[in-house]
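The structure appears right after this line, and notes come after that.
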Amino acid sequence: MAIIERQKPIEQDKVERRSNFNAVEENFTSEQASLEASRCLNCKNPMCKKGCPVSVNIPEFIQQVKAGNIQKAGEIIRETNMLPSVCGRVCPQERQCESKCVLGIKGKAVAIGSLERYVGDNSKPVDVEIKPNGKKVAIVGSGCAGMSAANDLKNAGFDVTIFEALHEVGGVLRYGIPPFRLPRTVLDREIEGLKKKGVEIIKNVVVGKSVTLKQLKDEGYSAIFICSGAGLPKMMGIKGENLNGVYSANEFLTRVNLMHANELTTPTPLKVGTKAAIIGGGNVAMDAARTAVRVGYKEVYILYRRTEDELPARKEEIRHAKEEGVIFKFLHAPVEIIGEEGYVKAMKFEIMELGEPDASGRRRPVGTGEYVTLDFDAVIVSLGTGPNPIIQNSAKNDSLDLETDKKGYIIINEKGETSINEVWAGGDVAPLGESTAINAMGAGKRAAKAIIEALG
Ligand code: FAD
Ligand code: SF4
């Protein structure tokens, strides 16, 4: 029997894609999907399912793809994951479902993510008959967690309103992850589906400022689900961070993805220079670097204080970044940003070497006492984010004690309940594991289930 190789999605040309925001990877063709599905061994004890944070019934959906029943495959995935087109594109499958596939032990795992994306794009959610129960639920934030909770609560008959601080819906999927990884048509389709069901989405409302938790309760919302994400950037705390041309990765990505700051007609344009420095080595840093390439910086650098082996970003993202011309400089730790007339001109780094492993198990970078200064006209800081304290502070003013941990994340139990009665939380603002799209979506589902149980 001829061995079938793992199918690879077609990728947009490396040079061409440097100047556009179109999807880098194409979806599988039907032939590729069928070939890839036929690689699945349909194991009796499917480990892949255990690797998925929401336990998508992977072998079952793949068998339906093999049989050509794409709609049925989509229905199987949507039993646990309402966003297959999104997760198929952004899940770190190599650490989740695909890492557990037995084919991966000696060869290459089944391309579960690419199959899920194919199914998501070529099937539709089943219409559910909604019987209104007369109870109102407020959802704070329209990201993965908010969308999935809204979907399940609406199906259960609740009158659901999402309050979103920004003027666009989708959270990180809209303002963070660039369209060349997640085309906006995919996101728009999911949001349209929610609106068609009757979920009300009110934009430009900052809960904690425009309206408080107490006011929402007074307005008759029986339950509130807080899923406001963790969008507050961490900066380096070094000299020169206030110069023009210094951005947090979130600000930079938001300005491009949401405000279209790279387009000539925008009222808030981006001043694109020649050399951009991205500080950090995670997925967000890769997104920022690849976006900087596309908006027109001639040279884009990723500066990281450890070596390539310790880069936390997905291997695929690193490969894509390199293919697009991003230059990596390892063992560089930021010391100071140097300015001229208020603008970034250069940046000073200390050269590091690797010492003993630290608490994370990775070898700790140690300064060598040697310094370099490199010219840049933009510095984009990508060192992680935390939750915004607006909601917690406003709750306090209303004598509501919303318990948070030292870093400001909302403390919840396994049902998503917070310290305030009838207030639930989940997703990046109250993480129970890694901050990923699928975990946020799972948190939304979990909270919806708990709300349905609590309110009947
Ligand atoms: P969010 O998506 O952050 O949504 C929260 C929403 O709440 C936002 O729309 C925000 O505007 C709104 N909000 C905030 N405060 C208020 C308020 N007071 N009132 C009203 N609304 C409010 N994960 C992956 O799995 N794969 C990836 O490839 C990946 N890439 C990423 C790339 C970037 C650039 C970033 C930043 C993150 C990435 N992640 C990735 C992480 C993942 O996207 C998040 O973990 C997930 O989307 C979080 O979903 P959420 O619903 O909890 O929050
Ligand atoms: Fe894999 Fe993510 Fe799909 Fe789960 S949701 S099967 S982890 S791609």
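Whatever order the structure lists them in is the order used to number ligands and atoms, beginning at 1. Side chains included, hydrogens not; waters and symmetry mates left out as well; all remaining heavy atoms used.
Sorted by chain and number, the residues within 4.0 Å of ligand 1 by heavy atom are Val90, Pro92, Val140, Gly141, Ser142, Gly143, Cys144, Ala145, Phe163, Glu164, Ala165, Leu166, Gly171, Val172, Gly176, Ile177, Arg181, Val205, Val206, Val207, Cys227, Ser228, Gly229, Asn250, Leu253, Val284, Asp287, Ile391, Gly427, Asp428, Ser435, Thr436, Ala437, Ala440.
Inter-residue side-chain proximity for Glu36 and Arg39 is flagged as met; some heavy-atom pair is nearer than 4.5 Å. Put simply, the side chain of Cys227 reaches to within 4.5 Å of the side chain of Ile139, judged on heavy atoms.
Using a 4.0 Å cut-off between a side-chain N of Lys or Arg and a carboxylate O of Asp or Glu, Asp287 and Arg181 qualify as a salt bridge.
Of the listed options Thr80, Val54, Asn81, Asn81 places a heavy atom closest to atom 5 (S) of ligand 2.
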Got a list of side-chain donor-acceptor pairs under 3.5 Å for residues 111-118, not counting sequence neighbours?
| residue | atom | partner | partner atom | Å |
| --- | --- | --- | --- | --- |
| Glu116 | OE2 | Asn81 | ND2 | 3.1 |
| Arg117 | NH1 | Glu25 | OE1 | 3.2 |
| Arg117 | NH2 | Glu25 | OE1 | 3.2 |

Taking only distance into account, with no hydrogens and no angle test, what donor-acceptor pairs under 3.5 Å do side-chain atoms of residues 195-205 form with protein atoms, sequence neighbours excluded?
| residue | atom | partner | partner atom | Å |
| --- | --- | --- | --- | --- |
| Lys197 | NZ | Asn151 | OD1 | 2.4 |
| Lys197 | NZ | Asn155 | OD1 | 2.9 |

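Centroid-to-centroid, the aromatic rings of Tyr301 and Phe328 stay 6.0 Å apart or farther.
Protein N/O/S atoms found under 2.8 Å from atom 1 (Fe) of ligand 2: Cys97 SG.
The aromatic rings of Tyr297 and Phe252 are tilted relative to each other, their planes meeting at an angle between 30° and 60°.
Seen from the ring of Phe330, Arg306 does not count as a face-on cation partner, given the 6.0 Å and 45° thresholds.
Each of Lys14, Arg319, Arg17 was evaluated against Glu324; a single residue qualifies, Arg17, per the side-chain hydrogen bond (donor to acceptor under 3.5 Å, both in side chains) test.
The local environment of CE in Met47 is crowded, with over 12 non-hydrogen atoms from other residues, nucleotides or ligands closer than 6.0 Å.
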